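Only one structure is covered here, and it is reproduced in the block below.
These numbers were taken from a predicted model, which means no experiment stands behind them.
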Amino acid sequence: MQSIRSVLFTAAAITITLVAFVFTASLALALAGIAAVVAIGSAIAAKLNPRPIHASTRAEARPAGVPPREMRIWNDGRGTIIDL
């Protein structure tokens, strides 16, 4: 009777261990799938963002021999930036 009980307890322990392993593996696989979807979505969203538009200014009239002053103007999507 004692050996039958120990065999049943051993089989039950192995079954519970296998069920726990399968459950943990399925959760890990689901988490990896969610992380992959989020990463792909983030990459696509970053690719769809507009690039900053470079704008230029007209050259102002300067006396002869004076080099033109470099003025940079661009739009980064949040507003126009003027670098004097």
Name every donor-acceptor pair, under 3.5 Å, that has one atom in a side chain of residues 13-25 and the other anywhere in the protein, sequence neighbours excluded.
| unit_1 | atom_1 | unit_2 | atom_2 | d |
| --- | --- | --- | --- | --- |
| Thr15 | OG1 | Ala11 | O | 2.8 |
| Thr17 | OG1 | Ala13 | O | 2.7 |
| Thr24 | OG1 | Ala20 | O | 2.8 |

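Rounded to the nearest 0.5 angstrom, Leu31 CG and Ser26 OG are separated by 11.0 Å.
Ile40 shares a hydrophobic cluster with Ile44, Leu48; the chain of contacts runs through ILVMFWY side chains whose heavy atoms sit under 4.5 Å apart.
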